[in-house]
Structures are given as C-alpha cells and as structure tokens.
2 protein chains.
Amino acid sequence: MLETVTHMKTAEATDNEAQSAPKGDAEKRGRKASKEVRRLQLIEATIDSLAKRGYAVTTMADVADGAGLSRGIVNFHFESKEKLLIATLQHMYDEYSAHWRTALQKAGDDPARQLQQLVWADFDRSICNKRKLAAWLAFWGEAKSRPTYQALSSSRDACYQQVFIDLCATLKESGGYSYDPQAIALALSAMLEGLWLRLMMGTEDTTRETALQAANAFLAAAFPKHYGQRETGASKNRG
Amino acid sequence: MLETVTHMKTAEATDNEAQSAPKGDAEKRGRKASKEVRRLQLIEATIDSLAKRGYAVTTMADVADGAGLSRGIVNFHFESKEKLLIATLQHMYDEYSAHWRTALQKAGDDPARQLQQLVWADFDRSICNKRKLAAWLAFWGEAKSRPTYQALSSSRDACYQQVFIDLCATLKESGGYSYDPQAIALALSAMLEGLWLRLMMGTEDTTRETALQAANAFLAAAFPKHYGQRETGASKNRG
DNA sequence: ACATTTTGAATGAATGTTCAACAAATGATG
DNA sequence: CATCATTTGTTGAACATTCATTCAAAATGT
C-alpha cells in the first residue's frame, strides 16, 4: 500500500544540483546568494573527493578542480581546509538529521509504523548511496582523533537514539515483549550503521536490497507481534 | 661520547609481547628472528599512531619515534609507507581471523553455543579495545579508495559470513523459526560491526558491557528457543 | 568609482624516500 | 682466542615532492 517512503531519489548519480546557476530568486542580493551557492558547490566537490579519493589524499586542489574553479578559491570562501571539512561534515549531518525527522513526521502516530519508517529512511537513495556513505566513512575514520569532528561525526546522535529507545519501549508494552528497550534500541541502530558500513565497503553480497531485507528481518524477529514474518514490504516493490 | 641510543621503548601501555628476545629457536638464523621482531615492533607502533593520530596524519616519523628508532629504519624493514600499512592491516586481519576460529573451535559441537561464542568473541578484550578498534576504523575509512586494502579491510570476511549463515540455518531448523538465514546472518554480523563502530567512536552511552548486552538481546530476540530471555549469560561472567 | 569575487603564481612547511657513513654481529683464518 | 673481512642492521642528514596558504593583480558586478 505504501510505496511512499523511498522515492525521494535526489540525484544520486553525480548530483549536478549545485552547479546550475545563481539565478532565480536572488537578484537584489545576488552576491550573497552566489556566495552560498559557491559554498555549496565546494562542499559537494569535497564530498566527491572524499568519496573518490579518501580523506587522506583529499587536497584543496582536488576540491577546486572538482568544482571547476581556481586553486585559491577555497581559502576565500572557507578560511582553511579544516573549516571546509567541518562545514562539509555539518552539511551532511544536517541533511541526515532533517531526513529522519521528516520520515518520522510522515509516519503518523502509530509507533510501529514510526519505527519502520525510521529504519526504511536509512536506506533511502537520497542519503544511502555510495558517494555519501563513502564520505561518512572517511569522516568516521578521522573522528576519534579530531575532537572537532566528534560531535557531528556520528550521524545518529543522542536524540536519534532516544527516539529509538522510546519507540522500543512503547512497542514492548503494547506487544508484551520482555527485553530491555535500551539494549534492543542499541542493537537496532548498531545494525543500521553496520549495514551502512557493508554498503560502503562494497562487498558484493550486500546491496541496498539485501540490507533492507536484513533490517526487516531484524524487525520481524524482535517485534513479531508488530511486524509479521509474512509481509516485509520490501520484497516486491522497489526497482 | 655517543652513548648508544637504544631506547627500545616498545609498547608503552598494553602489549609488550614483541619485546622479549630474539633467542631460543633461532641461533643459526638469529638475524632473521631479530628482523621479525623489528617488523612486529614497527607494526605495533603503526597501530599506536593510527589509533592516536589517525590515518591521515600518521607519518613515518611518528612510527619511527613511537618505536624509539631512527627515521630511515622503516624503509629498511618495509620497502615503503604503503607496504608498512598493508603489513599492519594484514597483521590485524590474521589476528582477528585466528581469534574467531579459535573461539569457534572451543565452542564444541552445539550450534547454539558456537554462535554464542562467536558473538562473544567479538568483544574479547584482546581484540576489542580502543587501540585496535581505532586502527580498524582508520583503515576502513581508506579502504574504499584503495583497492589493495579492500580484501583485508573487513575483518569479517566471506568465510566468516558463511559460518554465520550456516549456523543461522541450523538454528532455524532446530528451532522452527521462519526467517531467511542469510538475512538474519547479515543483520547479526552487521550489528556486531555497528557495535564496534559505536565503541570506537567513544560515545558515552556505549561501553563494552552495554554492547554485549545489545548483542545478547539480539540473540534472545532472534533465537528465543535457543537463548531464553531469562539467562543472557553476560551479566556476571566474562571479563 | 567601488566593493566583491576570482585567479594563479610564490612561499614555506611537512613528509616519504634515498644514501653514504657507521655499528654490530657473523664467519673465516691463523 | 685474536684479527680481519663480510654481511646485516641502523642512523641521520639531504633531497625532491606535495600541499595549504598567502597575496597582488585581474575580473566581475553594482
């Protein structure tokens, strides 16, 4: 019935979104708008480089070339390389945060449906694609030794985790399960991150489809009363 | 005037394993033994640097200083920086691989016990500590863009995954469960990796104990007939 | 005219690698 | 055992390269 979830599909191939033009709504403050557009353009180029080359060998020249601009431009819009990377991380964090909050809102009032939508949202093409995942992993690899990154580095923050715990607690009561909500919530969110990891690594046995199946299998096993084993909702649709 | 600068300050905190001596079984080829010891010493220093500073800023000088040796020594024992990193990754891969195989062997013939031991082995202090986990994550962040890393980068390889699938299939038959063994196995191993990720990130809400609880909660939820909700087995034993 | 943005070369710091000298162990010879 | 020759291991300085940053000049828009 509901194939609503997954069809965001915001330009996963290469994303030529930020490149178009500084036109349209900004004419009085065309400059300021142009400045924001430039920043976005450079941030997207940074994500590209992180995904393609990796954190360690992502250089300012890579970013500038990727954006089709000159070498010194990044230090004009961002003060330094570190600030560019922080801005990029912040951008991805904001995007992910907005994404799951939207999914939660769209889910309505049924807790079971809310949890399901949250889980499915994780595999939406707009955020779950090779490019973004690779960029996340690049940051994760550096987060532990960079205090500035730590707050933003885990896309699933404390607030997200608390939502999971509350939902698991609610389902526990309504379903009469007997586990610790906190433990199950941790297991669930850890599995989601682990599936992301598999997808990024590019092992052949894990695709977006199989990952979604695994997530559904977890839901069915942990909350049998709410997610019957019969209908997973992922087996027939999705191209 | 020149007092020999033999610091040998290997392994400050945890592992003074490689330090012992080039003696014993190697007298004819004492040199070769010493060579292996040096290699291990440098590999350990590399892990230290990866964990403390991160992949991007781990330099040859860091490694040499960490081992208490001179700058040029790494290029003598390893041909290049890349080969040092590959050797380090291989070392960690071999260690992890040997670890889970040993755990599997010790578990006896009962499939339920085998799976449980495999899961618990993941949180053994010998491999599940901040230092090693941080080093793993550092490699993961670079693996996608470095073909040489890819084969070794995921500690849990195809063989490990197959063991999981087979065990899940066996438990499915004996317990009369109704899910797809492959999906559940993927969910399980992904959760383990995700829990590792949380532990590395150093978020306060995830410790080795809570991670183990989450893993046990998963087992109890997925295989209720085999792992009753009552006894998790993790509350008192296992240091 | 004026402010803003962009360019591209110059600069200086950091880093991987090389290498000639040096030290230590090993083996040969008497 | 003593002495020398040879191989193996180690050092630290020198070198070349890469990269982030700076900045004066040019281009662009208002």
Side-chain angles (χ1 to χ4, degrees), chain A residues 18-19 21-24 26-42 45-46 49-50 53-88 142 146, chain B residues 1-10 18 21-24 26-42 45-46 49-50 53-88 142 146 148:
Chain A
Q19 205 164 352
K23 56 165 181 285
E27 283 185 342
K28 237 182 205 168
R29 13 168 84 195
R31 272 302 168 70
K32 268 211 163 176
S34 171
K35 194 162 186 172
E36 268 313 300
V37 167
R38 263 299 123 84
R39 280 178 61 96
L40 262 185
Q41 182 184 2
L42 291 170
T46 305
S49 180
L50 288 174
R53 303 171 187 273
Y55 185 101
V57 289
T58 283
T59 68
M60 300 286 263
D62 283 334
V63 173
D65 290 353
L69 298 172
S70 72
R71 297 295 157 86
I73 195 65
V74 189
N75 286 95
F76 178 79
H77 288 284
F78 303 86
E79 193 175 329
S80 65
K81 182 183 182 181
E82 185 175 13
K83 293 196 175 163
L84 166 70
L85 290 168
I86 290 173
T88 303
E142 294 295 314
R146 290 205 139 79
Chain B
M1 42 184 73
L2 63 114
E3 37 196 310
T4 56
V5 202
T6 58
H7 277 330
M8 278 302 271
K9 59 159 295 197
T10 2
K23 54 157 185 286
E27 283 185 340
K28 245 182 201 167
R29 11 169 85 195
R31 273 301 167 71
K32 270 212 164 177
S34 170
K35 196 161 186 170
E36 268 312 302
V37 168
R38 261 302 121 83
R39 282 177 61 95
L40 263 185
Q41 182 184 1
L42 290 171
T46 305
S49 181
L50 287 174
R53 303 171 187 272
Y55 186 100
V57 289
T58 284
T59 68
M60 301 286 263
D62 282 334
V63 174
D65 291 354
L69 297 173
S70 71
R71 297 295 158 87
I73 196 63
V74 189
N75 287 95
F76 178 78
H77 288 285
F78 304 86
E79 192 175 329
S80 65
K81 182 184 182 181
E82 185 174 14
K83 293 197 175 163
L84 166 70
L85 290 169
I86 289 172
T88 303
E142 294 297 313
R146 290 206 139 78
T148 326

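Only heavy atoms go into these numbers, but all of them, side chains included; no hydrogens, no water, no symmetry mates. Residue numbering restarts at 1 for every chain, and letters A, B, ... go by the order of the sequence lines.
- The side chain of B/Lys35 places an N or O atom within less than 4.0 Å of a non-bridging phosphate oxygen (OP1 or OP2) of D/dG9.
- Following rounding to the nearest Å, B/Arg71 (CZ) and C/dA20 (C1') show an atom-to-atom distance of 19 Å.
- For B/Lys81, taking side-chain heavy atoms from C-beta onward, the closest of the listed nucleotides D/dT10, D/dC19, C/dT17 is C/dT17.
- Considering every non-hydrogen atom in both B/Leu50 and B/Tyr55, the closest pair reads CD2-CA, 3.7 Å.
- Distance check, rounded to the nearest 0.5 Å: CG of B/Leu85 to OG1 of B/Thr148 gives 10.5 Å.
- Atom CG of B/Asp65 is separated from atom P of D/dT11 by 11 Å (rounded to the nearest Å).
- Rounded to a whole Å, the CZ atom of B/Phe78 is 15 Å from the P atom of C/dG16.
- Looking at B/Glu79 and B/Leu84, their side chains never come closer than 4.5 Å, going by heavy atoms from C-beta outward.
- The residue among A/Met60 and B/Phe76 whose nearest nucleotide of DNA chain D lies closer to the 5′ end is B/Phe76.
- Here the C1' atom of nucleotide C/dT6 and the CG atom of A/Leu69 are 8 Å apart, to the nearest Å.
- When rounded to the nearest whole Å, the span between CZ of B/Arg38 and C1' of C/dA23 equals 13 Å.
- The distance from atom OG of B/Ser34 to atom CZ of B/Arg39, rounded to the nearest 0.5 Å, is 12.5 Å.
- Computed from coordinates, the A/Ile86 CD1 to D/dA20 P distance equals 15 Å when rounded to whole Å.
- Protein atom CG of A/Asn75 is 11 Å distant from nucleotide atom C1' of D/dC19, rounded to whole Å.
- If you measure from atom CD1 of A/Ile73 to atom P of C/dA9, you get 15 Å, rounded to the nearest angstrom.
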